[in-house]
S.K.: 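Quick one: the structure is below, and I'll ask about it shortly.
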Amino acid sequence: MSALLVAPVVWPLATAALLVLLQGRLTTQRTLSTASAAAQLALAAILLAQVATQGILVVQFGGWDAPFGISFVADHLAAVMVLVNGIMGTAVAVYALRDIDADRERLGYHPMFHVLLAGVNGAFLTGDLFNLYVWFELLLIASFVLLTLGNRREQLEGGIKYVAANLVASMLLLTGIGLLYGATGTLNMADLALKLPLVPVGLATTLAMLFLVAFGIKAAIFPLFFWLPASYHTPPVAISALFGGMLTKVGVYALLRGFTLLFVADVALTHGLLAWIAGFTMVVGVLGAAAQTEFRKILSFHIVSQIGYMVMGLAFFTPLGLGGAVFYMVHNIFAKANLFLIAGIARWYGGSFELKKLGGLYRHRPLLAVLFVIAAFSLAGFPPLSGFWAKLVVIRAGFEVQAWPLVAVSLFVGLLTLYSMTKIWLAAFWSPVPEGVTLRAGPAPALLYAPVVALALLTLAMGFASAPFFVLAERIGAELSDPTGYVHAVLGEAAAATFVARGVAP
Amino acid sequence: MNWVEVIAGVMLLAGAAFVLVSAIGVVRFPDVYMRMHAATKAGTLGAGLMLGAASVVFGDLGITVRSFVVFFFLLLTAPVAAHVLGRAAYYANVPRWERTRLDELAGRYDGADASPGEPPRPVAHGDDRPDA
Amino acid sequence: MTLFEGPVTFLSVATLATMVAVAVSILVASLRVMRGPSLPDRVVALDLVGLLAVSVISVVAIATEQPVLLDAAIALALIAFLSTVAFARFIEWQGEQAE
Amino acid sequence: MEAYLAVVVGAVFAGGFYLVMRRNLLRFVFGLILLSSGVNLLVFTVGRVSRGAPPIIPEGASAPVGEVANALPQALILTAIVIGFGLTVFAMVLLLRLYERLGTLRTDELQAHLASPRPVPGLPDEEAPA
Amino acid sequence: MLSALLLAFGVALAAPWLTVRLGRSAGWVLALLPAGLTAYFLSLGPRVAAGEPLEQRVAWVPQLGVELAFRVDGLSLLFGLLIAGIGTFVAIYAGGYLAGDRQLPRFYLLLFSFMAAMLGVVTSDDLILLFVFWELTSITSFFLIGYQHESEESRANALQGLFVTAGGGLAMLAGFVLLGSMAGTYRISELLAAPGVLVEHPAYPVALALVALGAFTKSAQWPFHFWLPNAMAAPTPVSSYLHSATMVKAGVYLLARLAPGLGGTPAWFWLLTLVGGATVLAATGLTLLQRDSKRLLAYSTIVALGTMVLLIGVGTDAAIKAMVVFLFAHALYKAPLFMAAGSVDHEAGTRDVTRLRGLGRSMPWTWLAAGLAGVSAAGLPPMLGFVGKELAYEALFAAPWLLAGLIVAGAVLLLVAVMVAWVPFAGRSVRAPKAPHEAPLSMLVGPLALAVLGLTFGLAPGLVQDGLMRPAAAAVLGAPYAFDLYLWHGLTLALGLSLLTISLGVVLAATWRRWQPLLVARLAGVRFGPVAVYAGGWRGLLRFAELQTRFVQSDDLRHHLTTIVTFTVALTGGVALWRGGLDGMVWAPAAAYLHEFLYLAVILLATATVVRSHSRLAVITSLGVVGFGVAFVFVLFAAPDLAITQFLVDTLVVIIAALVLIRLPSSALRAEGGRDTRWLSGIIAVAGGALITGLLLAVTGLPFDGSLTHFFEANSYPVARGRNIVNVILVDFRAVDTLAEVIVLAVAAAGVGALLRRRLGGDDADVPAPRVDREGDGR
Amino acid sequence: MSLLGLHLGVAVLWAMATGSLTFPSLLMGVIVGGGVLHLLGPVLGDPRYGIRFYRAVALALFFLGEMFASGIRVAIDVLRPTLDLTPAVVAVPLELRNETAIVLLANMVSLTPGTLSIDLSDDNSCLYVHTMYGEDPEAARQAIKRDFERRIQEVFR
Amino acid sequence: MNSLILRTTTRPIIVVLLLISIFLLLRGHDLPGGGFIGGLVAAAAAALYAIAFGDEAAAKLLRVHPELLVGWGMAAAVAAGLLGMVAGREFLTGLWWVIAVGDQELKLSTPLLFDVGVYLVVVGVILRFVLSLEER
Ligand code: NA
Ligand code: NA
């Protein structure tokens, strides 16, 4: 059981080490990389199954019990996110077999990719705040390298923006962690949940703002998001997809964790603020997308916009809102990553990401058109695709807490989302092939299509058979809104009892 | 009064004096070569005296050996550092004090064959200017 | 610091005086680092700061009765040397380009 | 001592913040290095400083004798120093490459140079068709 | 019901394949699906008429209280029959109309998907389920309007239709969720069972407005009507099916469906009658401007839809009876009229009625169908249309203004019938862009059959009275309502009004050629109206989007970093001030030694140099001094490991910085330029620094909990066997940190190596290219 | 030079034999070991080892003294109100041929009063020295040759 | 750098430094030092060598690619964690083996292996930094 909890991090790290030692043998690297990603997916699935049957799982590294050592905690949220990362990892690994050129592979694409997966999983699983910082840094540096791998001009230009913003975020995060440690004397998140109530509310809330900014930069919320649309369209598609789907959601995850487990002393302020941020994030992001004419830039701005929905669910701070935020997040990861991958196939045929230079794909590539429609209309929230349910839950949560304006904004943003999805559809699929452009003959490689089809099927499954997903979302919502179980699992029964006695649990 | 303490104290104070001298020299002397004189000699001596004081205070073989190793290390490196830096400064035409009388090194670095190092790919830029 | 907290002895006074002297030296040398004007000037001063760091460590080791600190001195002596050599090389490259 | 350190940390942060907001990317990196130092000192300070012995258990004892410095922040800072080192070096080399490829380090020129790059003279254009 | 829908969707998915396999006979064979569904609905007739609606529930998303709940009552049955029945003929018609079209397979997929979705809309007993189907009809409509997708206009029209209906749909979704939370259920039958709950709820007006918005947009009510005429870009089978007979009636269906729960209030009455009335008037007026047969029909459809909404708003027994009959009649005549217009277009090459003459000779059967339907549309006996119109007049006796409007509208509808069913066919001389000939059988069956049905039910309304009309009206009214239908009411006021309408219409038709061009010319310059608002709104929004994006997504990284820092400082500082975060700040400096201050001074001075100097080497050496200063602090305060590491790392950073700098111009740091913002940045930075100081003071002012450290001190040697507690923390207590940390380093090194590697591929380096030389990859 | 290792071994043995591995006893061991090795020099294959050892010790002591003097000299110069100095860069022709010896010379020169080795000619025949007291360059040259080059040569002979 | 004085001095210095680095590595568990500091010292020694003798000479001295050092270091660190699991405990649980060598005790442990991994990674990383920047 403990091996299962450790595997999501150690497995890819060991893979990365092995891949480094295999440098230069590209064929072996490709095989190993893909197989390892798939195995990791399997392990993640088993982990989730275990969590679903046995409840929250905890590993105390080195055998040092919390709060002294570092704990890995797999509650439903963490396990689901690890599974999603496994799915994305596998999908991208397969896509990359065709998308990543040998030059980039020689520069270390494969080990870097697995380090990134490990970093993401570490961030999901860790129960220690400083350790979270370390995993954040790991996934960051890996993402820096993946983003700039290849040294193309726009990669470097986008890369510096990405790097700059994220490094500042890291500094702020570490500042926050340091101050929090100084105030409570602990780093374990469950223990922090116990000890933060002893810190004066004003101070705790002030410190929470540092985390809001630090996590917020990584999550690309308003007004801290600029780096995302400035960089996510620059690397190869496989990397874009992984970033666009997975990476920003780590920031959202951190916000979810931080503002349910730790910073709940002054909910009116913190979560009220989050609600404002959510609204602005949605609107500014979607308007940004409306102004773009490049496939991947549109998608990038949409990432921002949709982060707003997730933050909105968090801001409502009810079981339904939190579960909805997570459902939204998972849906969005699949749909968004898939759209990036589809952009890559569209470019394979049309040779460009510029909408003006694309066209004719509906007539000539109906399968691609269907796949795009599934992902795009899901993103736009059309029923019964996954995005509809995601939006529905968040809206319902909004009604529960009577946050009418925010609900109204989110609905309006939905329409604008539709606008830019149809913009792509009209330009790349419906409009005739532009003059001077010839679509590449013959079908795109199956290795490019396979992950796209798989993700589309997932989107459909989340839409048509959403009940099992909602079972998880419901449990996640419950776990997040009442962290007693989390504290109990990490620190034991006695600690959880004090937790409840202090009246922390809502 | 404990004689060990007295010896150590004296060594410390002497070291402190040299150290101060080296720092003042580095500030006061007019050119980089003369500053190196101050830093290399007084600095090494000062550090050595303090290391000596430490070995006297602790009176432990292991510590003494370590102090000696460090001191030996300083003796080995300080002049080499001064050499490479002085050479580099000369090579880079760092201005000498106007009262420098004689220069028997003049002209040595004009020949192309006496290149002191393999320069990297050239980027056109001048010397680093002092602050305006 | 343990030594200062104990009785006032010649050694404790000498140690404190030395501490101050070294700190002053470091401050003074740092000024040269910041003022230059040429890079070799800065490097000479930086090298001296490294050397002074060895002194600080010796004195603090005496003052706190913690000989373990002396090990830091070895690393320090090395690293000061390395940085000076690296800068010297840097200056030679730069001099080359200036011509 | 924490009070004085707090002031110094604030000053270093201020310097870092200021540089981070400059137009020159080199200054940005320098600001980052300053912030890094500031954060390390901050973590050191919040663990409460002590002029006592280092957190080392003497021979013959099984626990520190007397008051020793707080070991945990030290370990955290060590980790942070190492991470900061790696990130800083990466950022600096990224700047170097950026300059080589785009010919500028000014934040307001990057985009323009992307459209019409002005690579450094003497360097081959790496994106020209081979 | 569920299996019927699944079957329908299944056939839809299989349709492309079937179409290809079946070739020319595809339309005929595929029509078996809607035909079968029609039969299925017919079979439900008796039990529904007997007041036993068909109900079915299958769990779907229990967590949200959403079920696959279906309920077929009179209203559903009426709609179901229309959808499946007309669908049958449309399927056949399309087979002929689009024969040989490459996209026909996709067309059937979309058409049947639409049909299934539409059936879902009218049979759902769950608001959310209804919404699911509702949106599916919008999407399929979008794809069908954009059928000729290579034409820009077609694409734009498709988009317009989608936005208007989807926008309304979003409002409707909000309304549904609100209704659900008001009543505690999404089950429509349960919602309607307790009407008082809804109308007395404080949120009732909001819910009503939201739901109505959805219905109005879908049913093309003013001011959202404009998308429907533009939807005529779709192939004619689509126009006749979606945009006249079925989909556009979804809004009417929804209002009728919810009338028992939401209706009967003044708000309901005024909202629906005003919007319905405005729609009738606006569409009536706009009809006068049209010459294109499909657009004429489209506007007349809007008139009809407005009438239905208006009648639902009035909500009396008579009004509902009229609505139900009129709805049925309208479907039966409008679909054949569209098909006939399409056939004419198909065979004669234009839809401009002024360019057509005398087609009757070559297209007699088409004319017959059009003629019969036209009579019904004109509200003339003996057609069902006549019955419907008379009932509407009767229902509005109490509201003379509405009645007057309806009479004018009736006249215009007659005009339309003349223009579409008479003008192109009548006359001896043939005028048409291409030589006309009769449409194939597949394109005749539908119009003829439907027109004949209109005639049959007009002559014998009793045929549908008990089985269809009464249950439908009962469903809308929420109570059984027994009424009888007659073609001939006797000499009533309604008949008189009909005569008035007919005379007016005849006059209009007779003089059309004279006034119509004048009217068009006169109004040509008018640019004001809902379309202008819609288009202007979009333009404005997109312009705003561009402006705001240029503002928030500046190209200049510095702006963003300034935003981040400012936001951080403002947010954290603001909260600190507002919530008293710094109240616990204590300035209680303990005694300190002189040399300690000197080291702090070193740090401060070096920091100042780093900030102020323009010499890059001064800056990096000063950075080295800052690092050394920090290391001295570590030395002074008993952190030997840290001091060593800091000295080593700091030096390495300085060396590496020098190695990097040597490749940059010496002017690198001086290249600031641009507008000077130093003061602003300075103020923000100082505020940020002060904030950090304040937070540090506040935090260190709290009592410190050293339990973690004490644990480490106690266990470091006895358990972890290490005397250096810091190292034990690094390699044992918190080894996970260290593990990740060294990998950070490793990745950074790999990244540096990758960055410094030159010449990687050309411009298409990341275009996946088929790899030929896989063997060459190995070492 | 393998005798150096033997020498150190002897010193450690001595220290252990005398019962305490402390610095004074180790120092004693070095001195005693030097004497013993001097006596056994002919047997061990380097008849001059002892003498060279003593000369090395003498050189070291001389060097330490010079270094101390150098420190004081610098202190005087630094603290003098006016800088009354005449720096010069002089070339010192070398007779030493052993590279280690040359480097030793250069380093020692750098640590002793007023002189600093700046560079070495490519053929190792000439050391360039920066001196603070360059009124008489020839005297400075001779001082270096006399004080250090000769003594080093004796150790390495 | 083409300097006899530097080269002659560098040789003994790097010998001493490598010894010190291993010393720091091994005693890190008990006294200041450890894998990171030891690795830094070793890397500094190599960097010094590279500056004095050129990066080709340094690469020759090193014999292995920095990347391989990094890879083996990562593998060692991960393996140190996994050994704990092999023994049926949690990941990264310290295991100790005391081997008697004569009357000396040789203490081998997974924390030591972990620290050795750190050491190798640090050496490899810094060499990669320095060599990459040097060789251009
Ligand atoms: Na296009
Ligand atoms: Na360590």
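Naming: A, B, ... by sequence-line order, numbering from 1 per chain.
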S.K.: Take A:F382 and A:F388, measure what ring pair (Phe, Tyr, Trp, His ring centres under 6.0 Å) needs, and give me the verdict at the end.
M.R.: CA-CA 5 Å; A:F382 267 93; A:F388 166 69; 9.2 Å; no
S.K.: Which one of E:W134, E:F544, E:F143, E:W578 has the most heavy-atom pairs closer than 4.5 Å to chain A?
M.R.: E:F143
S.K.: Report the option among A:I395, A:V393, A:D266 that has the most heavy-atom pairs separated by less than 4.5 Å from atoms of chain E.
M.R.: A:D266
S.K.: Between A:I217 and chain E, with a heavy-atom cut-off of 4.5 Å, which part of the residue counts as in contact: side chain, backbone, both or neither?
M.R.: side chain
S.K.: Excluding sequence neighbours, so at least two apart, what forms salt bridge (charged side-chain N to carboxylate O under 4.0 Å, His left out) with A:E157?
M.R.: A:K161
S.K.: Please determine, among E:Q553, E:E135, E:E152, the option with the most heavy-atom pairs under 4.5 Å with chain A.
M.R.: E:Q553
S.K.: Can you tell which of A:A467, A:P383, A:G185 has the highest number of heavy-atom pairs within less than 4.5 Å of chain E?
M.R.: A:P383
S.K.: Which atoms of A:V373 are under 4.5 Å from chain E, going by heavy atoms: the side chain, the backbone, both sets, or neither?
M.R.: side chain
S.K.: Please give me the minimum heavy-atom distance between A:T126 and A:F72, naming the atom from each residue.
M.R.: CA-CD1, 3.7 Å
S.K.: Output the option from A:M112, A:Q29, A:E137 having the highest count of non-hydrogen pairs under 4.5 Å with chain E.
M.R.: A:M112
S.K.: For A:K391, which atoms come within 4.5 Å of any heavy atom of chain E: side chain, backbone, both, or neither?
M.R.: side chain
S.K.: Only pairs under 3.5 Å count here: list side-chain donor-acceptor contacts from residues 163-176 of chain E, not counting sequence neighbours, and write none if there are none.
M.R.:
unit_1 : atom_1 : unit_2 : atom_2 : d
E:T165 : OG1    : E:G161 : O      : 2.7
E:T165 : OG1    : E:L162 : O      : 3.2

S.K.: Which bit of E:L708 comes within less than 4.5 Å of chain A, counting heavy atoms only: side chain, backbone, both or neither?
M.R.: both
